[in-house]
Structure formats: C-alpha cells, structure tokens
Amino acid sequence: MKFLQLLSRKPGKLGMLFQIPFCQTQFPYLCLATSTCLYSKKKKVNSYEQVDQEKYKNLVCSVTSYKTSSQTRETIFKEDNLLYGPPDKHRPPVKAETKTPKNCVPLINPNKRIPLLNSDANLPVKISLQKTKMPSVTRILQQTISPQQAFYLERWKQKMILELGKDGFAEYTKNLFLQGELFHAALESIFLPEEMASKEQGEDAAISGYLSSVQHVLEDISEVKALESAVQHETLQYLGLVDCVAKYRGQLCVIDWKTSEKPKPSLKNTFDNPLQVAAYIGAINHDANYDFQVSCGLIVVAYKNGSPAHPHFMDPDLCSQYWNKWLLRLEEYMDKN
C-alpha cells in the first residue's frame, strides 16, 4: 500500500503501471459497446404489428386475457362477427302453413240461416255417403302428405313387414280397420235412441278396451245432432263422412273418434287429424242439409288397453288456423290433379 501511495504522489506513474502487460493479466476488463452500428441488419417486422388493433381489440383482449379458453357459443359468434362482419341471413323456404290461401272461403258461412226451432232436434242427422266425382277429405290429405310424414309412415310399414311378414302385416291392418268400424258402430248405438239402435250390436271383446277408454269422455257429451253422416262443401267441392256432431261440455263440436295402441297425449301427436276436423266443420257450415253451424272440434283418442282416452278440444281460433292449413292442402291437391 505504501508503494502505491508513493506512486500516486507522482503524476503519470500510476497510469504507466497499469499499461504494462503484467497489469493486463492481473486486471482483466471488458469493453461494452452501446452503439447500434454493430447490428446493421434490418430489423424483422412483426406481422401482428400491422393488424388494425382498434378493429380487433375485443379479439386481442379475449386471447391475451385468459390462460385457458373461455369461449362460449355467444363469444364465438361475436368474434366471427368482428372478423368477418355480420352473416348473410338466407331466408328459409316459406312453409305452406305461412302462405295465404287463394280461396279465402270463411269457416263460418255468413249466408246460412239457422231456424229458430227444429222439430226433429232429438233425432241425429244420418246421411249416407254417395259416390261422386268429388274428392274426399281423406283422399286429399293422403295425396298431399308431407315428405317427412310419408318417410315415417313408410319406415313404420317396412318395420312391421319385417316383424310380421307381408301376409301378417295385411292381416294386422285388416284387423285395425275392422276394430275401428266396430268401435264406431258401438258408439253409434250408444248415442241413438233405443228404438233406432241396432239390435244386433253387442259389445265385442275386440273393442271392449276402447269403450272403457272413452267412458269419461262420453259423460261430457250431449245433444247429438249427427252420426256417421255425409257432408259436402258446396263451394269448394269436396266431401267427407263425419263421425259425430254433438255438444262437448256445452260447446257444439265435430267429434272425430280415433283408436290407437300408443298414447297420444297432445294434439300434435294426431298428425293431420285436426285438418280433417276443420275440413268437416267447413263442409257442415256450407252444406244445406244441416240447419246448424259448428265452430269447435274434438278429437278423442281411445286406447285398446282401456287406459283413459285423450280428448283434444279445438276452440274456434284453433279451428280457424287449421282451416287455413286445410285450404292450402286442398289447393295443392287441385294443382296436382
């Protein structure tokens, strides 16, 4: 230390000491350069810096704010809308139900006069169905069935044929029709006066379950006005056979009796049956053979196992909706034929 102190007193001596090679080996040093001239190559441009940050602000925030994905259906739609703009909304094909019928014939006939008194009020009308060139309601509905319903019916048919065979399936459908006829005949005997009812009609074991099924519905039916009676729409030129016209809980209705082995708890399970009822209502209201008009409908689904039947009541508004749908189906049939 004394040696260094002596050298420090003499100018230039200490600097000379550190410049000799001995000092370089004992005191290594680093030279740091801060100038950018050493890296003269052009800096690479980050492509993300060219993105319109304001436009993609929400997307950038959603990506950088979470370590794990937090996307939902709603956020994906928002991001797509931000990136690509609002989607083009292609309108789906207009369904037949939303069209307006060309023949705007009203369900209720404004020109029909209802007599104040009816001498045969206690006797239900029963008009036989005559063969004419007019198409029936059943035929019209069958020939204008939707492709979806046709597909399901065909699939059910093929499934039954696989299980029963062609002959077995033919026998099965034959029995279904027979049971339906017996069921309707039994109901007709119940509603007709004793002197008019068929004496040969007795309770068949094949339909006993159906009759048990509808007992609670029969209690609400009164004032039967028509039974198994033909109806004809004089303006639209179609005809049909009505099961029953009577009051259900005080409302005059066209009643359609249906049999089923599977439950049908809602009206939509009855497929085209509401259109059939609406078609019958319109026909009665425009048929001179009937001195009354109807504005309501009732579809009763009876079950073979005797479980309580499902009554589906159609009020005037609902009947009007199905009436418009029926008019469209009628127009479709006329265009095809």
Side-chain angles (χ1 to χ4, degrees), residues 93 95-99 101-103 105 107 127-161 164 166 168-184 228-244 254-262 264 266-284 286-287 297-302 312 314 318-319 321-337:
K95 297 182 179 180
E97 290 78 0
T98 61
K99 294 181 180 179
K102 296 177 183 177
N103 296 322
V105 179
L107 180 64
I127 301 174
S128 299
L129 186 63
Q130 303 295 326
K131 290 184 178 181
T132 65
K133 294 183 179 179
M134 289 187 193
S136 67
V137 173
T138 303
R139 179 183 177 86
I140 294 169
L141 291 176
Q142 287 177 347
Q143 293 197 8
T144 57
I145 191 173
S146 68
Q148 185 180 17
Q149 287 189 20
F151 168 77
Y152 285 124
L153 284 174
E154 182 62 24
R155 189 175 68 174
W156 170 82
K157 179 181 177 181
Q158 295 301 326
K159 180 183 177 182
M160 295 298 291
I161 290 176
L164 305 175
K166 289 185 177 180
F169 178 70
E171 187 68 20
Y172 171 78
T173 54
K174 179 181 178 182
N175 289 333
L176 284 182
F177 284 119
L178 179 59
Q179 290 176 16
E181 290 178 358
L182 292 174
F183 177 55
H184 282 78
E228 298 292 329
S229 188
V231 294
Q232 176 180 319
H233 200 296
E234 298 172 351
T235 303
L236 297 177
Q237 293 293 291
Y238 68 84
L239 52 80
L241 189 66
V242 175
D243 289 348
C244 179
V254 165
I255 303 175
D256 201 24
W257 306 100
K258 298 296 181 184
T259 59
S260 177
E261 295 179 356
K262 295 183 179 180
K264 295 183 178 180
S266 63
L267 188 63
K268 66 180 181 180
N269 299 133
T270 62
F271 301 105
D272 283 342
N273 294 151
L275 276 72
Q276 185 179 21
V277 170
Y280 290 157
I281 293 174
I284 287 176
H286 291 78
D287 192 329
L298 180 69
I299 299 173
V300 182
V301 184
H312 302 297
M314 298 167 56
L318 194 57
C319 287
Q321 294 177 28
Y322 281 108
W323 171 249
N324 289 331
K325 294 179 181 181
W326 159 251
L327 291 179
L328 291 170
R329 295 283 287 271
L330 180 60
E331 288 177 9
E332 183 182 350
Y333 174 84
M334 295 300 182
D335 291 341
K336 288 182 178 179
N337 296 272

Gln148 atom CD, neighbour heavy-atom count above 12 within 6.0 Å
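No, because the 6.0 Å sphere around CD of Gln148 holds 12 heavy atoms or fewer from other groups.
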Has Lys174 got more than 12 heavy atoms of other residues, nucleotides or ligands less than 6.0 Å from its NZ?
no
Over all atoms of both residues, closest heavy-atom pair of [X] and [Y]:
X: Val301; Y: Ser260; answer: CG1-CB, 3.7 Å
X: Gln237; Y: Met334; answer: O-CE, 4.4 Å
X: Cys319; Y: Ala278; answer: O-CB, 4.0 Å
X: Lys336; Y: Thr144; answer: NZ-CA, 4.3 Å
X: Ala230; Y: Ser128; answer: CB-O, 3.7 Å
X: Ile299; Y: Pro274; answer: CD1-N, 3.6 Å

Rounded to the nearest 0.5 Å, what's the gap from [atom1] on [X] to [atom2] on [Y]? Could you check?
X: Glu234; Y: His286; atom1: CD; atom2: NE2; result: 9.0 Å
X: Asn273; Y: Trp257; atom1: CG; atom2: CH2; result: 14.0 Å
X: Leu178; Y: Thr173; atom1: CG; atom2: OG1; result: 11.5 Å
X: Leu153; Y: Gln142; atom1: CG; atom2: CD; result: 10.0 Å
X: Lys166; Y: Leu164; atom1: NZ; atom2: CG; result: 13.5 Å

Does the side-chain contact (heavy atoms from CB on, under 4.5 Å) test come out yes or no for Gln149 and Asp272, once each step is laid out?
CA-CA 10 Å; Gln149 287 189 20; Asp272 283 342; 3.6 Å; yes
Show your working on side-chain contact (heavy atoms from CB on, under 4.5 Å) between Gln143 and Asn337 and close with a plain yes or no.
CA-CA 10 Å; Gln143 293 197 8; Asn337 296 272; 3.8 Å; yes
Taking the side chain as every heavy atom from C-beta outward, state whether [X] and [Y] have any atom pair closer than 4.5 Å.
X: Glu228; Y: His184; value: yes
X: Asp335; Y: Glu332; value: no
X: Met314; Y: Val254; value: no
X: Leu236; Y: Leu327; value: yes
X: Trp323; Y: Ile281; value: no
X: Tyr280; Y: Asp243; value: no

Below 6.0 angstrom between ring centroids: does that apply to Phe169 and Trp156?
yes
Within the side chain of [X], is there an N or O that forms a donor-acceptor pair under 3.5 Å with the backbone of [Y]?
X: Ser229; Y: Ile127; result: yes
X: Arg329; Y: Ile140; result: no
X: His312; Y: Lys264; result: yes
X: Asn175; Y: Tyr172; result: no
X: Asp287; Y: Ala283; result: no

Could you go through the side-chain contact (heavy atoms from CB on, under 4.5 Å) check for Glu261 and Leu176 one step at a time?
CA-CA 10 Å; Glu261 295 179 356; Leu176 284 182; 4.1 Å; yes
Can you confirm if the NZ or CZ of Lys325 lies within 45° of the ring axis of Tyr322 and under 6.0 Å from the centre of its six-membered ring?
yes
Do the side-chain N and O atoms of Arg139 and Tyr238 include a donor-acceptor pair separated by under 3.5 angstrom?
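Their side chains do not contain a donor-acceptor pair, so the 3.5 Å distance test is not met.
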Carefully, step by step, assess Phe271 and Ile145 under the rule side-chain contact (heavy atoms from CB on, under 4.5 Å).
CA-CA 10 Å; Phe271 301 105; Ile145 191 173; over 6 Å; no
